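All remarks here apply to the structure that follows.
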Amino acid sequence: MRLKELLHYTYIFPVLAVGYYFSGLMGGGVVNDIIAGLLLTGSVLSAVHHAEVVAHKVGEPFGTIILALCITIIEVALIISLMVAGGDQAITLARDTVFAAVMIILNGILGICILVGGVKYHEQFFARTSATTYLVSIVSILVLTLVLPNFTSSVNGPFYNEAQLIFISIACLVIYGVFLMVQTVRHRSYFIVPDEHPEEHYIPSLNKTLISFGFLVVCLVIVVLMAKGLSGTIEGMVQSIGAPKSLVGVIIAGVVLLPEGVAAIRAARSNQIQSSLNLALGSALASIGLTIPAVSTVCIMYDIPLVLGLDKKDIILLSLSVFIVMLSLSRGKTNILYGTVLLVNLAAYIFTVIVP
């Protein structure tokens with residue numbers, strides 16, 4: 001690669017972030033934390049760029065799968081590291097973060113993509129079979145992981161016992177594994193829209209793809225490390241405004257999903273709403289389908305209690321979000337009303353987190 005390309009911000013930010021993290025300056029005051037936050041944001045945007053380079057090389061739907069899995073790795077690493085460090089005080093962190101991620105994806109990312117696409121193109125079209133396949137898997141895992149724990153009787157409260165955690169983890173992995181087989185092998189055509197202008201797309205060289213993959217890994221690792229380093233600042237900020245601790249999960253989920261959101265919105269603006277759906281719904285499915293088994297394994301190993309069941313308010317908001325998404329994606333085309341309603345749902349969720 002040429003020197004000019006290596007001086008692009010997507011290569012500079014990860015290097016600066018790594019240096020800043022290991023310099024020991026994080027946590028040294030407000031200014032230092034602001035600098036860390038800027039480097040964290042730059043690293044997230046760099047991750048989006050490098051993931052897109054890899055995605056262009058491997059093609060769809062593998063490109064969106066790679067980005068969704070990368071985002072899930074960040075989420076799992078953050079949740080596990082904070083739970084191990086926080087012990088019993090972090091027993092609701094996994095539930096809050098996963099729930100926040102699902103709500104942000106279904107209402108926020110999808111809502112913005114549909115609204116942006118609707119404003120620019122009036123209507124955008126996608127394969128209904130792909131949306132149905134995603135939603136069948138997502139709804140099943142959501143109910144098994146976030147709703148059913150409230151109604152089991154082996155343990156009092158919104159908990160699963162160890163045997164139930166193992167079963168639910170296996171169930172999540174089975175659903176996600178079969179979904180991947182459907183998406184990449186048996187029914188790959190469901191998730192691909194024929195490209196009318198394939199000659200316009202740039203296919204990166206193998207060397208550039210390998211370099212981008214390496215920087216993608218660096219970006220993901222440094223985002224996890226810096227987000228964990230800033231977690232104390234985030235918790236202090238939440239406490240200072242008198243908001244519930246569950247807002248920490250919302251903020252963490254927002255940081256983690258920033259690369260996914262930016263990539264999905266870019267696709268919608270380019271009239272590639274199918275790619276937006278693949279990114280958003282694929283990330284939602286990976287988020288719950290892989291995060292819950294990983295967190296459950298750690299909680300069993302370290303004997304950490306794990307609260308999974310949502311309260312009644314959150315179950316209502318989750319049900320509303322899933323229902324509206326199912327209606328919005330049932331016709332195979334979008335308009336600005338669907339996006340507006342989803343964003344209002346997101347606003348209601350965030351507002352009720354701050355003012356429960």
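Values below: all heavy atoms of this structure, side chains included; hydrogens, waters and symmetry mates excluded. Note that the numbering runs from 1 along the sequence shown for the chain. Every value quoted in this text rests on a predicted model; they were computed, and no experiment measured them.
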Where does the angle between the aromatic ring planes of Y11 and H50 fall among parallel (under 30°), tilted (30 to 60°) and perpendicular (over 60°)? perpendicular

In this structure, would L38 and I222 fall into the same cluster of hydrophobic residues linked by side-chain contacts under 4.5 Å? no

Look only at the side chain of S140 and the backbone of V136, and say whether a donor-acceptor pair between them is shorter than 3.5 Å. no

Would you find a donor on one side and an acceptor on the other, under 3.5 Å apart, between the side chain of T152 and the backbone of P149? yes

Transitive ILVMFWY side-chain link V250 to I316, under 4.5 Å: no

Rounded to the nearest 0.5 Å, the CE atom of M181 sits from the NE2 atom of H187 at a distance of 8.0 Å

Between S130 and Y190 the two heavy atoms that sit nearest each other are CB-O, 3.2 Å

Looking at T132 and T129, would you say the former's side chain and the latter's main chain have a donor-acceptor pair under 3.5 Å? no

For S296 and L306, what are the C-alpha separation, side-chain angles and deciding distance, and is it a side chain to side chain contact (heavy atoms under 4.5 Å, CB included)? CA-CA 8 Å; S296 298; L306 177 62; 3.9 Å; yes

Can a donor-acceptor pair be found, under 3.5 Å and without considering hydrogens, that links the side chain of Q124 to the backbone of A268? yes

F159 versus V307: any side-chain heavy-atom pair under 4.5 Å? yes

Taking C-beta and beyond as the side chain, do I273 and S276 meet within less than 4.5 Å on heavy atoms? yes

Please report, to 0.1 Å, the donor-acceptor pairs under 3.5 Å made by any side chain of residues 14-30, with sequence neighbours excluded.
residue: Y20; atom: OH; partner: N32; partner atom: O; Å: 2.9
residue: S23; atom: OG; partner: Y20; partner atom: O; Å: 2.5
residue: S23; atom: OG; partner: L25; partner atom: N; Å: 3.4

Please tabulate, for the side chains in residues 99-120, all donor-acceptor contacts under 3.5 angstrom to protein atoms that are two or more places apart in sequence or on a different chain.
residue: N107; atom: OD1; partner: S321; partner atom: OG; Å: 3.4
residue: N107; atom: ND2; partner: M103; partner atom: O; Å: 3.2
residue: N107; atom: ND2; partner: S321; partner atom: OG; Å: 2.9
residue: K120; atom: NZ; partner: R269; partner atom: O; Å: 3.2

Is there a chain of hydrophobic side chains (I, L, V, M, F, W, Y, each step under 4.5 Å between heavy atoms) that links F125 to I336? no

Quick check on Y176: does its OH atom have over 12 non-hydrogen neighbours (other residues, nucleotides or ligands) under 6.0 Å away? yes

Tell me whether L343 at atom CG has more than 12 heavy atoms from other residues, nucleotides or ligands lying less than 6.0 Å away. yes

Gap between atom CG of N150 and atom CD1 of I315 - 0.5 Å precision: 5.0 Å

side-chain hydrogen bond (donor to acceptor under 3.5 Å, both in side chains) filter on S283, not counting sequence neighbours, yields none

Spatial distance of atom CG (L225) from atom CG (L40) [nearest 0.5 Å]: 10.5 Å

Nearest heavy-atom neighbours spanning I168 and T145: CG2-CG2, 3.8 Å

Do L45 and I265 sit in one hydrophobic cluster, given that two such residues count as connected whenever their side-chain heavy atoms are within less than 4.5 Å of each other, even indirectly? no

Search all heavy atoms of R188 against all heavy atoms of T184 and return the closest pair with its distance. CD-O, 3.9 Å

Are any of the side-chain heavy atoms of V53 and T10 separated by less than 4.5 Å? no

Rounded to the nearest 0.5 Å, how far does OG1 of T92 lie from CG of L308? 10.5 Å

Return the OH to CD distance between Y121 and E123, rounded to the nearest 0.5 Å. 14.5 Å

With sequence neighbours excluded, tell me which residues meet ring-ring contact (aromatic ring centres under 6.0 Å, His included) with H122. none

Quick check: are there more than 12 heavy atoms from other residues, nucleotides or ligands sitting under 6.0 Å from CE of M326? no

Crowding at CG, N156 (>12 non-hydrogen neighbours, <6.0 Å): no

Under 3.5 Å, side chain of R95 to main-chain N/O of G309, donor-acceptor pair present? yes

Side-chain touch M226/L39, heavy atoms, less than 4.5 angstrom: yes

Are I324 and V344 connected in the hydrophobic side-chain network, where two residues link if heavy atoms are under 4.5 Å apart? no

Which heavy atom of R128 sits nearest to which heavy atom of S330, and what is that distance? CD-O, 3.0 Å

L342 side, atom CG; L320 side, atom CG - distance, nearest 0.5 Å: 9.0 Å

For Q274 and A127, indicate whether the former's side chain and the latter's backbone hold a donor-acceptor pair under 3.5 Å. yes

Under the side-chain hydrogen bond (donor to acceptor under 3.5 Å, both in side chains) rule, what pairs show up with a residue in residues 332-356, not counting sequence neighbours? R331-Y338

Per-pair distances, 0.1 Å, donor-acceptor, side chain in residues 284-295, under 3.5 Å, sequence neighbours excluded:
residue: S287; atom: OG; partner: E75; partner atom: OE1; Å: 2.8
residue: S287; atom: OG; partner: E75; partner atom: OE2; Å: 3.2
residue: T291; atom: OG1; partner: S287; partner atom: O; Å: 2.4

Min side-chain heavy-atom separation Q183-Y134 under 4.5 Å: yes

Mind checking whether I166 and E162 have side chains closer than 4.5 Å, heavy atoms only? yes

